[in-house]
Every structure is written in structure tokens, then in C-alpha cells.
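First up is the structure itself, then whatever we jot down about it.
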Amino acid sequence: MRCKIFKEQGMDEFTRERIARAMRQATRIVVLTGAGISTSAGIKDFRGKDGMYEIVRKRYNLPSPEAIFEINFFMRQPEPFYEMVRSMFAMEAEPTLSHRFLAWLEEQGKMSLLVTQNIDMLHHKAGSKAVLECHGTLRTASCLTCGRSFEFAEIRAAVLAGGIPRCECQGLIKPDIVFFGESLPAEFYTVHLSPPDADLLLLMGTSLNVQPAAGFALNLAATTESILVNRDPTPYDAMVTHVVNMDLDRFCQDIWEEMEKTPS
Ligand code: CNA
């Protein structure tokens with residue numbers, strides 16, 4: 001069954017029950033999350049309407065919005081990147097209902113792996129444990145000149161005050177997140193090359209535009225029942241079993257309530 005495109009009206013009863021049943025029966029759900037899971041916490045996505053790319057493109061004369069995550073551009077002009085980081089830190093975001101739903105799924109023994117493209121650490125804050133942060137996090141940072149490592153708390157004040165953090169050696173400090181052209185953490189390639197044995201794949205709040213994370217999920221979707229929940233259509237919708245275009249928190253709330261009606 002392929003779901004129709006749902007917008008404001010949400011899911012019909014049949015779809016809600018069908019998806020809740022698949023999750024109730026599953027014991028090895030693999031999840032990929034993207035920026036869309038954190039927008040209701042106040043953190044903007046990249047490519048969604050009014051996303052960060054649009055804001056940064058208007059404010060800075062960038063060759064392309066992606067340039068804020070290109071290492072050569074960052075070394076010449078770190079300000080747009082740090083402006084994004086500053087806005088993330090200033091808001092002290094809390095996990096959304098969707099983050100909490102995923103933590104609950106894991107607690108229920110239903111989820112085996114959560115791969116997130118996000119760098120905001122909200123899955124950990126919600127209580128999820130089996131999290132693979134494939135684009136790194138803001139938790140630590142490193143000097144690009146001498147390699148010294150910093151806890152982000154050490155540079156947080158400088159960033160919040162509007163500065164660009166520098167090491168004692170005067171080198172530029174970069175949070176340990178993966179920029180375009182950089183390798184992802186080794187543990188990501190391990191699961192990419194040898195995908196986990198999943199009985200359901202859940203793709204949440206991602207445009208599936210960024211490789212290799214999207215490739216990992218779409219490979220798995222070729223052999224596993226999959227559900228993509230995203231506000232906007234993606235170019236890869238046809239590769240997924242069920243596509244639900246609606247707000248994620250609303251989706252998770254509906255499914256959570258449905259699952260609790262008939263515990264497995
Ligand atoms: P993206 O390309 O910006 O796509 C996000 C998708 O989420 C869009 O297609 C939106 O339609 C959808 N979306 C937005 N809000 C909602 C909502 N409330 N309910 C349902 N869907 C929604 O972001 P991707 O994650 O696909 O791209 C990967 C990039 C984004 C990674 O490198 C991340 O590091 C990076 N990113 C992370 C954060 C974060 O950590 N919170 C924020 C912005 C970007």
C-alpha cells in the first residue's frame with residue numbers, strides 16, 4: 001500500500017492503524033532523521049521553506065548556500081557558519097514530541113538503530129541511546145591548526161558573544177561536525193557497508209538530498225518496508241513504501257496514541 005499525499009488533514013484512520021500495526025509488530029526499526037524533526041524546537045532546517053539556506057543566502061553574498069559547510073570557505077569566512085551555530089546555542093532547544101517518541105520506541109524494544117543527520121544533540125537529550133550522529137555534533141570542537149580538542153562548553157561563551165573562537169595558537173576552531181567533502185565517522189561506514197537487519201525503516205524530516213546518509217537509507221528501503229514522513233515531497237518518494245507528507249509531531253502523536261491503544 002502506498003499512502004496518498006496528506007497535508008493539513010493528517011492521516012486517515014486506515015493509514016494510522018496500518019502504520020501503528022507495522023510499528024507494534026516490529027522489533028528492529030531503523031530510523032534516519034533529518035533537520036525536519038527539530039524545526040518545531042525552533043531550529044530551522046536547510047532546504048525547507050524559510051530554511052537556513054535562504055536566510056544565509058540573503059544575508060551573505062555566498063557562492064552557494066552550501067558554502068557555509070565547505071571547509072575552504074569556512075577557513076576564509078567562518079562568520080556565516082558561526083552565526084548559524086550561535087542561533088542554535090542561543091535558543092537552548094528542547095527535544096520535540098517526535099524526539100521523545102523515538103526514545104520511547106527504543107525503550108519499548110522496538111528500535112535497533114537511530115541514524116541522525118542532525119548536529120543538535122536533541123536525540124540524546126530526549127533519552128535515545130542507540131544514536132549514530134553521522135554528521136558529527138557540536139559537543140566537541142578542534143583547532144584546525146594544532147588539532148587541540150575542546151569541549152564545546154569551552155568555546156560556547158565566545159560564540160554567544162558574537163566572536164569566532166580561536167585556539168591559543170591562534171588557529172581557527174571548528175566544531176567536530178562533518179563538512180562537505182569530509183569523511184563521516186567510521187561507525188557510519190560500518191553500518192552503510194553492512195546494513196543492520198531491519199524489519200521496518202522510518203525516514204523522518206529529511207529531504208534525502210545529502211549523501212551518503214540518504215544512500216544508506218534508500219539502499220535499505222530497497223529490501224525493507226519503509227515509511228517516509230516529511231512535510232514536503234522529496235525526489236525519492238517513489239523508492240519508499242509509504243510516504244506521509246505531514247507535520248512530524250502530529251504524525252508521531254497520532255501513531256503513539258494508536259500504539260498505546262493496543263499495546264503489543
Ligand atoms: P533538509 O534538506 O533541510 O530537509 C529537511 C526536510 O524536513 C524538508 O524536506 C522539510 O520538508 C522537512 N520538514 C521541516 N519541518 C518539518 C516538520 N515539522 N514536519 C515534517 N517535515 C518537516 O535537511 P536534511 O536533514 O535532509 O539534510 C541533511 C543536513 C541538514 C544535515 O547535514 C544536517 O546536519 C543539516 N541540518 C541539521 C540541523 C539540526 O541539527 N537540527 C538543522 C539544519 C540542517
Side-chain angles (χ1 to χ4, degrees), residues 33-96 99 116-126 128 131-186 188 205-207 209-210 213:
T33 62
I37 197 169
S38 298
T39 51
S40 69
I43 302 175
K44 290 184 179 299
D45 62 9
F46 280 165
R47 296 175 186 80
K49 191 170 161 285
D50 303 324
M52 253 180 240
Y53 276 172
E54 190 55 22
I55 295 170
V56 171
R57 193 184 61 74
K58 281 184 188 152
R59 186 158 326 158
Y60 297 96
N61 189 17
L62 301 184
S64 72
E66 285 90 347
I68 64 167
F69 291 111
E70 279 162 14
I71 195 74
N72 291 334
F73 181 82
F74 174 75
M75 281 156 76
R76 287 195 310 275
Q77 201 182 333
E79 291 80 11
F81 171 79
Y82 269 112
E83 180 173 330
M84 182 207 78
V85 173
R86 190 171 307 121
S87 68
M88 255 190 206
F89 272 95
M91 70 181 60
E92 296 188 3
E94 288 300 320
T96 64
H99 290 102
T116 186
Q117 302 171 86
N118 294 343
I119 55 172
D120 56 29
M121 302 172 282
L122 290 183
H123 286 300
H124 285 102
K125 212 167 175 183
S128 287
V131 185
L132 197 170
E133 293 167 311
C134 71
H135 291 162
T137 74
L138 294 167
R139 205 171 288 117
T140 55
S142 305
C143 170
L144 290 181
T145 305
C146 72
R148 186 181 151 195
S149 185
F150 297 84
E151 288 296 317
F152 206 77
E154 295 177 67
I155 59 170
R156 189 172 185 274
V159 174
L160 283 176
I164 304 296
R166 294 214 169 251
C167 180
E168 274 170 16
C169 77
Q170 291 313 307
L172 187 56
I173 296 174
K174 172 186 161 290
D176 295 332
I177 67 168
V178 178
F179 274 29
F180 289 115
E182 290 186 315
S183 291
L184 276 63
F188 172 78
T206 174
S207 64
N209 266 303
V210 178

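Residue numbers start at 1 and run along the sequence shown. What you see is a predicted model; the values in this text were computed from it and never measured.
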Is the closest side-chain donor-acceptor distance between Gln117 and Thr206 under 3.5 Å?
-> yes
Member of Ile43, Ile37, Thr137 meeting the side chain to side chain contact (heavy atoms under 4.5 Å, CB included) criterion with Asp120 | Ile43
Side-chain H-bond candidate by donor/acceptor type, Thr140 with Asp176, under 3.5 Å | yes
Stepwise, does the side chain to side chain contact (heavy atoms under 4.5 Å, CB included) test hold for Glu168 with Cys146?
-> CA-CA 9 Å; Glu168 274 170 16; Cys146 72; over 6 Å; no
Who are the salt bridge (Lys or Arg N to Asp or Glu O under 4.0 Å) partners of Lys174, not counting sequence neighbours?
-> Glu182
Side chain to side chain, Phe179 and Glu66, heavy atoms closer than 4.5 Å | no
For the residue pair Tyr82 and Phe74, does the interplanar ring angle fall in the parallel (under 30°), tilted (30 to 60°) or perpendicular (over 60°) class?
-> tilted
Residue that, paired with Arg139, satisfies salt bridge (Lys or Arg N to Asp or Glu O under 4.0 Å) out of Glu154, Glu151, Glu133 = Glu133
Would you call Glu94-Lys125 a salt bridge at under 4.0 Å N-O?
-> yes
ring-ring contact (aromatic ring centres under 6.0 Å, His included) between Phe73 and Phe81, worked out | CA-CA 10 Å; Phe73 181 82; Phe81 171 79; over 10 Å; no
CD1 (Ile119) and CD1 (Ile177) are apart, to the nearest 0.5 Å, by 4.0 Å
Any side-chain heavy-atom pair from Ser38 and Asp45 closer than 4.5 angstrom?
-> no
Under 3.5 Å side-chain donor-acceptor pair for Thr33 and His123 | yes
Does any N or O in the side chain of His99 come within less than 3.5 Å of the main-chain N or O of Thr96, such that one atom is a donor and the other an acceptor?
-> yes
Presence of salt bridge, Arg156 and Glu92, under 4.0 angstrom = yes
